[in-house]
Amino acid sequence: MPATYLTYPNGGPILPVTRGRAVPRPAVLVLDAAYLAAFGEMRVPRDLWRAMQRFAAWVEPALMAEWARLMRGYAERQGRVLDEGRIGAAMTWADPVRDVSLPRGIALQALEQGSPVYCVWTGRRLDATVLDIDHCLPWAAWPCGDLWNLLPAHRRVNQHQKRDRLPSAMILARAQDGMLAWWRQAYLSVEGVALPRRFADEAKASLPAIGGAVGIPDLDEIHAAIGLQRLRLHQDQQVPEWNG
């Protein structure tokens, strides 16, 4: 409905839609960018997209309040009364789950096999007693559990120094070699295609400027895109920085 009825004053669509042809169901269904793009596309004006990104923390509650008001109006015209508790429960957002078990398991397995694992922030060699998995861009500011965002860190650095702060531009640049080495060790130098593909798909889906990459994006480009996202969070949400 929004794509159909939201128009500019001259009648042109704000959200123009191009529908794809019918997509045959493959024997093995993979929800990747190519499969989803086959259904068509809806184009969102750049200014609107950026505004929704920047002001999401305020737009979301306003939309939810307006939706609840709309539902009450529908119910009243039908002679019904909606229970406020049910409305609130139906509008409750399902928060993403904070899960670092996969990279932690990979790191522990590497340690058991005698392969070194290093803290990306300090370069110190880790063992199982001090191993933590840190969200490079903090979960409190941006709940992202993508593989590229999960990095091995010393427990004291993660829990007592960096905590819920953004790495500064200097710290992020200094950690580049360690981050790229971890990505190769944990996600890309493994048997099979599932983990490398997940790593690549998550990076292309959530980071700016690399969405059009084919295959696994260049790791330096992923690191640069993290720098852009770090800057966005710092400017838009005023997330404090950690300078090491």
Side-chain angles (χ1 to χ4, degrees), residues 95-208 210 216-234 239-244:
D95 289 324
V97 178
R98 184 170 183 165
D99 182 12
V100 299
S101 58
L102 176 58
R104 181 173 180 82
I106 292 172
L108 290 175
Q109 183 179 22
L111 292 174
E112 291 175 357
Q113 295 173 349
S115 299
V117 176
Y118 299 96
C119 173
V120 296
W121 307 122
T122 65
R124 294 173 59 183
R125 187 164 179 170
L126 303 174
D127 59 40
T129 63
V130 296
L131 170 69
D132 256 8
I133 299 298
D134 179 31
H135 289 75
C136 176
L137 305 180
W139 179 271
W142 189 43
C144 175
D146 291 352
L147 295 181
W148 58 263
N149 198 37
L150 303 177
L151 306 170
H154 192 283
R155 183 163 299 161
R156 178 167 294 277
V157 174
N158 182 34
Q159 298 185 13
H160 299 284
Q161 297 178 25
K162 179 173 178 286
R163 304 176 68 182
D164 290 333
R165 291 181 289 176
L166 287 168
S168 68
M170 179 188 68
I171 292 294
L172 190 62
R174 195 171 68 187
Q176 180 172 356
D177 290 345
M179 293 170 66
L180 269 60
W182 166 250
W183 293 337
R184 294 189 185 99
Q185 176 186 7
Y187 309 133
L188 303 180
S189 300
V190 296
E191 295 182 1
V193 299
L195 208 55
R197 186 168 188 171
R198 174 180 168 182
F199 174 83
D201 288 346
E202 289 177 347
K204 288 186 283 189
S206 58
L207 288 173
I210 59 173
I216 296 176
D218 181 82
L219 297 188
D220 289 316
E221 292 182 5
I222 293 178
H223 186 270
I226 292 174
L228 291 175
Q229 184 65 20
R230 186 206 72 84
L231 187 60
R232 284 181 177 177
L233 292 173
H234 182 56
V239 181
E241 291 185 330
W242 175 63
N243 292 297

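Throughout, residue positions are numbered sequentially from 1 according to the sequence presented. Given the structure is predicted, the values throughout are model-derived calculations rather than measurements.
- Across all their heavy atoms, Leu150 and Gly145 have their closest contact at CD1-O, 3.6 Å.
- Checked by atom type and distance alone, the side chain of Gln229 never pairs as donor or acceptor with a backbone atom of Leu207 at under 3.5 Å.
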Exercise. Please test Val190 against Phe199 for side-chain contact (heavy atoms from CB on, under 4.5 Å), starting from the C-alpha separation and ending with a verdict.
Key: CA-CA 12 Å; Val190 296; Phe199 174 83; over 6 Å; no
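- In this structure the side chain of Trp139 never reaches within 4.5 angstrom of the side chain of Val100, judged on heavy atoms.
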Please tabulate, for the side chains in residues 126-137, all donor-acceptor contacts under 3.5 angstrom to protein atoms that are two or more places apart in sequence or on a different chain.
unit_1	atom_1	unit_2	atom_2	d
Asp127	OD1	Thr129	N	2.9
Asp127	OD1	Thr129	OG1	2.4
Asp127	OD1	Val130	N	3.3
Asp132	OD1	Arg155	NE	3.2
Asp132	OD2	Asn158	ND2	3.1
Asp132	OD2	Gln159	NE2	2.8
Asp134	OD2	Trp121	NE1	2.9
Asp134	OD2	Lys162	NZ	3.2

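- Taking CD1 from Ile171 and OG1 from Thr122, the interatomic distance works out to 10.5 Å, rounded to the nearest 0.5 Å.
- Across every non-hydrogen atom of Leu166 and Pro138, the tightest pair is CD2-CD, 3.5 Å.
- A 4.5 Å side-chain heavy-atom check between Tyr187 and Leu102 finds every atom pair outside the cut-off.
- Smallest separation of non-hydrogen atoms from Ala141 and Leu233: O-CD2, 4.4 Å.
- Between Ala186 and Ile106, the shortest heavy-atom distance links the atoms O-CD1, 3.6 Å.
- By the salt bridge (Lys or Arg N to Asp or Glu O under 4.0 Å) test, Arg230 pairs with Glu241, sequence neighbours left out.
- Under the 30°/60° scheme for interplanar angles, the aromatic rings of Trp148 and Trp142 are found to be tilted.
- Residues Asp177 and Tyr118 are not in side-chain contact: their nearest non-hydrogen atoms beyond the backbone lie 4.5 Å or more apart.
- Although no hydrogens or angles enter the test, the distance criterion places a donor-acceptor pair under 3.5 Å between the side chain of Gln185 and the main chain of Pro116.
- The side-chain hydrogen bond (donor to acceptor under 3.5 Å, both in side chains) analysis of residues 99-111, with sequence neighbours excluded, yields the pairs Asp99-Ser101.
- Rounded to the nearest 0.5 angstrom, Leu195 CG and Ser189 OG are separated by 10.5 Å.
- Minimum interatomic distance between Arg165 and Trp242 (heavy atoms only, all atoms of both residues): NH2-CD1, 3.2 Å.
- In this structure, Ile216 CD1 and Lys204 NZ are separated by 8.5 Å, a value rounded to the nearest 0.5 Å.
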Practice problem: Using the side-chain contact (heavy atoms from CB on, under 4.5 Å) rule, take Trp182 and Val117 through it: C-alpha gap first, then chi angles, then the decisive distance, then the call. | Solution: CA-CA 8 Å; Trp182 166 250; Val117 176; 4.3 Å; yes
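- For Leu172 against Gly227, the heavy-atom pair with the smallest separation is CD2-CA, 3.7 Å.
- In this structure, the side chains of Ile226 and Met179 come closer than 4.5 Å at one or more pairs of heavy atoms.
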